[in-house]
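Have a look at the structure below before the remarks.
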Amino acid sequence: MSGRRLPAEPGELASRIRAGEVRAIARGLTWIEAGGLRAEGLLEALYPHRSTAHVIGITGAPGTGKSTLVRALAREARARGRSVAIVAVDPSSPFSGGALLGDRIRMTDLAHDPGVFIRSMATRGALGGLCPAAGGAVDLLSAAGRDLVLLETVGVGQDEVDVMRLAQTTLVLSVPGLGDDIQMLKAGIIEIADIHVVNKADREGADRTIASLRAMLSMGEAAAGGWQPPVLACVATRDEGTAAVLDEAGRHLAHLVESGEIVRRKRRIAEARVLTLAQGLLAGTLDRSTGTEDAEMAAAIDRVASGDESPYRCARALLARTSRAEGDSPRA
Ligand SMILES: Nc1nc2c(ncn2[C@@H]2O[C@H](COP(=O)(O)OP(=O)(O)O)[C@@H](O)[C@H]2O)c(=O)[nH]1
Ligand SMILES: [Mg+2]
């Protein structure tokens, strides 16, 4: 690893990231989390150089064993000679600090392997929502040449579902026994699952959970592109069934490519990213133009407060003014 100082200029940092330098990757991710023009410049430089990383999303209720499975998948991928990046987008449980990861000894193994880059993104992106920062992180890691990007998030809110949509292959974890899982499945997570994993299959009731998931899936419509989401069982703590999960993820990616569905997915990801970025940029501009030093805006707010103007009319006027101002100086 190079001991040289890291550059403060996006183009130079981008070159070091593309060379796969771990410190540069870490710095780049920090920039992306902070957002703003520096992050924009970095991603501008990296975007054309993204490689064909397989992005696998892993979601499920807290405690289902996502982090444990991610570690097992990373070890398996390393044994197969592939480089790995792990991004945990989980506001409730940062990935850092071995305690959260259960088996410390195995974690240490991963931590000392330069072929596994681990990063927790516990904060929300500056542009609002998890998606912009997570999307940028995936682009960066892909440009850094990582073969496999494992994206872990708690599958509860719409934000987290959006993050999962950045993945080519999405794993949804359940555990034996019902409760949170069924809640989650009802909340629409089932729609994004390419592979269902019933983890903790060493526990009582795994067969029942697998059977009820299969029954639920057989009632649904056939997935886009003719892929039938399989239901796999594993015991992540003992590496049982985890190699098969990685195999299945590979099979899913091959299916996406062969069926042409990959093109549609890439488009869907691109659309979601452009939309969330535009919303974030607009929100930022609006925030600035509602500042107290803006006399025109202050007068308009006064009129709404006194009932002389409706909030809708005022909001539309603000939008119109903002887009005029943006047109004058596109990178303000
Ligand atoms: N019995 C059993 N426990 C597991 C298994 N996988 C994970 N766990 C345990 O479940 C707990 C939560 O795991 P973790 O990976 O942190 O879950 P996450 O919150 O979904 O990331 C930890 O104590 C793990 O050791 C498994 O296959 N069987
Ligand atoms: Mg976790």
Side-chain angles (χ1 to χ4, degrees), residues 55-77 84-111 116-124 130 133-134 137 148-157 159-161 163-164 166-167 169-185 187 189-190 192-193 195-210 213 230-249:
V55 184
I56 302 180
I58 297 97
T59 191
T64 46
K66 296 180 295 297
S67 299
T68 312
L69 177 65
V70 161
R71 259 167 38 223
L73 294 177
R75 278 194 305 273
E76 180 62 28
V84 178
I86 297 173
V87 180
V89 190
D90 181 351
S92 63
S93 75
F95 208 93
S96 56
L100 273 163
L101 295 160
D103 188 340
R104 285 163 198 246
I105 296 159
R106 282 180 161 176
M107 186 55 215
T108 309
D109 284 353
L110 284 187
V116 181
F117 182 91
I118 303 177
R119 176 70 167 226
S120 160
M121 298 183 80
T123 51
R124 304 206 155 220
L130 294 164
L148 193 64
V149 178
L150 301 170
L151 199 56
E152 174 191 341
T153 192
V154 173
V156 282
D159 249 7
E160 286 76 17
V161 171
V163 168
M164 278 302 106
L166 296 168
T169 303
T170 297
L171 313 183
V172 174
L173 258 69
S174 318
V175 291
L178 304 175
D180 283 351
D181 303 332
I182 290 295
Q183 288 301 324
M184 220 179 54
L185 296 175
I189 289 277
I190 200 159
I192 65 166
I195 298 169
H196 287 273
V197 178
V198 176
N199 188 38
K200 308 197 184 184
D202 52 328
R203 284 198 183 167
E204 182 66 34
D207 291 346
R208 263 201 321 280
T209 304
I210 292 167
L213 260 175
V231 181
L232 304 179
C234 76
V235 183
T237 38
R238 292 193 218 138
D239 282 354
E240 285 172 26
T242 49
V245 171
L246 194 62
D247 288 341
E248 198 63 21

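Note that ligands are numbered from 1 as they come in the structure, with each ligand's atoms numbered from 1 the same way. Reckoned from all heavy atoms, side chains included, excluding hydrogens, waters and symmetry mates.
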Check your understanding: Under the 3.5 angstrom rule, does the side chain of Thr153 hit a backbone N or O of Val89 as a donor-acceptor pair?
Key -> yes
**Study point:** Part of Asp202 with heavy atoms under 4.0 Å of ligand 1, whether side chain, backbone, both or neither
**Key:** side chain
Point to revise | For Glu152, atoms of ligand 1 separated by under 4.0 Å from a heavy atom | key: 21 (O)
Study note, to complete from the structure: Looking at Glu152, the N/O/S atom that lies nearest to the Mg ion (ligand 2) is called OE2
**Study point:** Asn199 side chain vs Ala236 backbone, donor-acceptor pair below 3.5 Å
**Key:** yes
Review point. Could an N or O of ligand 1 be found under 3.5 Å from any N or O of Thr68, whether backbone or side chain?
Key: yes
Check your understanding: Can you tell me if Lys200 uses its side chain to pair, donor with acceptor, with the backbone of Ala206 under 3.5 Å?
Key -> no
Exercise for review: Going by heavy-atom distance to atom 17 (O) of ligand 1, choose the closest among Gly65, Gly60, Ser67.
Suggested key: Gly65
Exercise for review: Please say whether Gly63 places an N or O atom under 3.5 Å from an N or O atom belonging to ligand 1.
Suggested key: yes
Review point. Are side-chain heavy atoms of Leu69 and Thr242 found at a separation under 4.5 Å?
Key: yes
**Study point:** Counterpart residues, side-chain hydrogen bond (donor to acceptor under 3.5 Å, both in side chains), relative to Asp247 (two or more places apart)
**Key:** Arg80
Review point. With side chains defined as the heavy atoms from C-beta onward, is the minimum distance between Arg208 and Pro176 less than 4.5 Å?
Key: no
Check your understanding: Do ligand 1 and Ala236 have nitrogen or oxygen atoms that lie under 3.5 Å from each other?
Key -> yes
Exercise for review: Decide, counting backbone as well as side-chain atoms, whether Ser67 has an N, O or S atom less than 2.8 Å from the Mg ion (ligand 2).
Suggested key: yes
